[in-house]
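Whatever order the structure lists them in is the order used to number ligands and atoms, beginning at 1.
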Amino acid sequence: MAVPAPEASPIMEFLQPTTWVEALEAKAAHPDAVPIAGGTDVMVGINFGHLRPSLLLDLTRVGDLQEWSTEDGVVRLGAGVSYARVITELGDRLPGLAMAARTIGSPQIRNRGTVGGNLATASPAGDAHPALLAADTEVEVASVRGTRRIPVADFYTGVKRNAMDADELIAAVHITPPSGPQQYSKIGTRNAMVIAVAAFGLALHPDRGAVGTGIGSAAPTPRRAPAAEQFLAGELAGAGLWESRGELPAETARRFGELVADAAAPIDDVRGTAGYRLHALSVMARRALTWAWTDYRTDYRNNAAKEA
Ligand SMILES: Cc1cc2nc3c(=O)[nH]c(=O)nc-3n(C[C@H](O)[C@H](O)[C@H](O)COP(=O)(O)OP(=O)(O)OC[C@H]3O[C@@H](n4cnc5c(N)ncnc54)[C@H](O)[C@@H]3O)c2cc1C
């Protein structure tokens, strides 16, 4: 029997702008072009045959995307900054995101992979999302039509779907450095190179008496746990704990964990059951809160005393 000839692979064109304006013009002229930054998602898609773009838009030569800066105390993190740089250059300013970044892939993946790429892929399991959600991040997207900022909670619109229009690119994310401790917790089948079975990000904002949360791998999109946030902020304010930095009642931490799990909508899949994910989330949230509160009572008080 004759073996059929392999299908001829279609030609893949490659655009390589060197400025942000050129990149936006290229995306406007070719809305179907697939941007590529670190390539750690795009190349997997191409290699496995899930993705066969006719046009790739390489963003690695666009200098603006590789930079971060601080404006009015808010960090503007270029979409093309790698996880490795988030860890080494911004670990003190963005501790929650740096903790999440340390759990991503391997050193090779952290050297190539970017927060912009994680956002655009918008996988429910992406590790940057819970940290970005907990920190009230805004995503700056741009096109030749102009620039707009999207609260990160509104950026995720479905499984691997996001709020960008076809002619838009992610320019940066805007993150306010925290006034209190942040934590990130991830459960996987091993300690490294693993997609999260469930993940949780927490940020305490004592300057405004607020709490931020982010849930990963336990709903169609990354999402916050608003009832848990309101419950905890109310308990901390009601008992005067923000000021006293007193001990956190165990019942408060337990209920917080329960409300975080209530906000999730996980499925059974090859990595874990929905029931396991809910249990894991409640435990991770309780532990993350306990760690963050211990930090708030110790390091943060000492730091505040040093500053006074
Ligand atoms: C071995 C391995 C391990 C991994 N481990 C993890 C892990 O532990 N946790 C985790 O979260 N992820 C993991 N990933 C996935 C991947 O590394 C991350 O999602 C990473 O953040 C993708 O960033 P990138 O720059 O490589 O994106 P790319 O692959 O370049 O692009 C990803 C998507 O973003 C789009 N894009 C990129 N930049 C822009 C932009 N500026 N504007 C608009 N669209 C843009 C691309 O078109 C594409 O759709 C892993 C991947 C591999 C191969």
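- Applying the salt bridge (charged side-chain N to carboxylate O under 4.0 Å, His left out) rule to D207 yields no partners; only residues at least two apart in sequence or on another chain are considered.
- Note on R224 versus D136: salt bridge recorded, some NZ/NE/NH1/NH2 to OD/OE distance being below 4.0 Å.
- Counting heavy atoms closer than 4.0 Å to ligand 1, residue V194 contributes backbone atoms (N, CA, C, O) but none from C-beta onward.
- Around CZ of R254, the count of heavy atoms belonging to other residues, nucleotides or ligands within 6.0 Å exceeds 12.
- Shown here for A274 and D268, the closest heavy-atom pair between the two residues is N-OD1, 2.6 Å.
- Of the N or O atoms in E168, none lie within a sub-3.5 Å distance of an N or O in ligand 1.
- Annotation for H279: atom NE2 does not count as buried by contact number, only 12 or fewer foreign heavy atoms lying within 6.0 Å.
- Listed by number with element, the atoms of ligand 1 under 4.0 angstrom from any heavy atom of G38 are 24 (P), 25 (O), 26 (O), 30 (O).
- In this structure, T103 is part of the shell of residues with a heavy atom less than 4.0 angstrom from ligand 1.
- Heavy atoms of other residues, nucleotides or ligands lying less than 6.0 angstrom from CD1 of I109 number more than 12.
- Across the listed options D41, L57, N47, D41 owns the non-hydrogen atom lying nearest to atom 19 (O) of ligand 1.
- Counting heavy atoms under 4.0 Å from ligand 1, residue K186 touches it through the side chain alone.
- Ranking protein heavy atoms by distance to atom 39 (C) of ligand 1, first place goes to L59 CD1, 3.8 Å.
- Nearest heavy atoms, R271 versus S217: NH1-OG, 3.8 Å.
- When non-hydrogen atoms are compared, ligand 1 lies under 4.0 Å from the side chain of V44 (C-beta onward) but not from its backbone.
- Using a 4.0 Å cut-off to heavy atoms of I36, the atoms of ligand 1 that qualify are 30 (O).
- With ligand atoms numbered from 1 in the order given, ligand 1 contributes 32 (C), 33 (C) to contacts under 4.0 Å with heavy atoms of T121.
- Remark: E251 CD is packed, more than 12 non-hydrogen atoms of other residues, nucleotides or ligands lying under 6.0 Å away.
- Taking a cutoff of 4.0 Å between a charged side-chain nitrogen and a carboxylate oxygen, E235 and R255 do not qualify as a salt bridge.
- Close approach of ligand 1 to G126 (heavy-atom distance below 4.0 Å) involves ligand atoms 11 (O).
- Distance from atom 28 (P) of ligand 1 to its nearest protein heavy atom, with residue and atom name: G39 N, 3.4 Å.
- In the vicinity of M193, heavy-atom distances shorter than 4.0 Å reach the ligand 1 atoms 1 (C).
- For atom 47 (O) of ligand 1, the closest non-hydrogen atom on the protein side is P35 O, 2.5 Å.
- The proximity of T114 to ligand 1, defined as any non-hydrogen pair under 4.0 Å, involves the side chain as well as the backbone.
- Ring geometry for F48 versus H50: interplanar angle under 30°, hence parallel rather than tilted (30 to 60°).
- Below 4.0 Å from some heavy atom of I109 lie the following atoms of ligand 1, by number and element: 1 (C), 2 (C), 3 (C), 17 (O), 52 (C), 53 (C).
- No salt bridge links D64 with R76; every basic N to acidic carboxylate O contact stays at or beyond 4.0 Å.
- The ligand atoms of ligand 1 that sit less than 4.0 angstrom from a heavy atom of A37 are 25 (O), 30 (O), 37 (C), 38 (N).
- Atom 31 (O) of ligand 1 lies below 4.0 Å from at least one non-hydrogen atom of the protein.
- Distances between N or O atoms of G105 and those of ligand 1 include at least one value under 3.5 Å.
- Here's the thing with L65: none of its N/O atoms is less than 3.5 angstrom from an N/O atom of ligand 1.
- Of the N or O atoms in V34, none lie within a sub-3.5 Å distance of an N or O in ligand 1.
- With atom 51 (C) of ligand 1 as the reference point, the heavy atom nearest to it among T40, L119, V42, D127 is part of T40.
- Summary of contacts: the protein heavy atom closest to atom 41 (N) of ligand 1 is I170 O, 3.0 Å.
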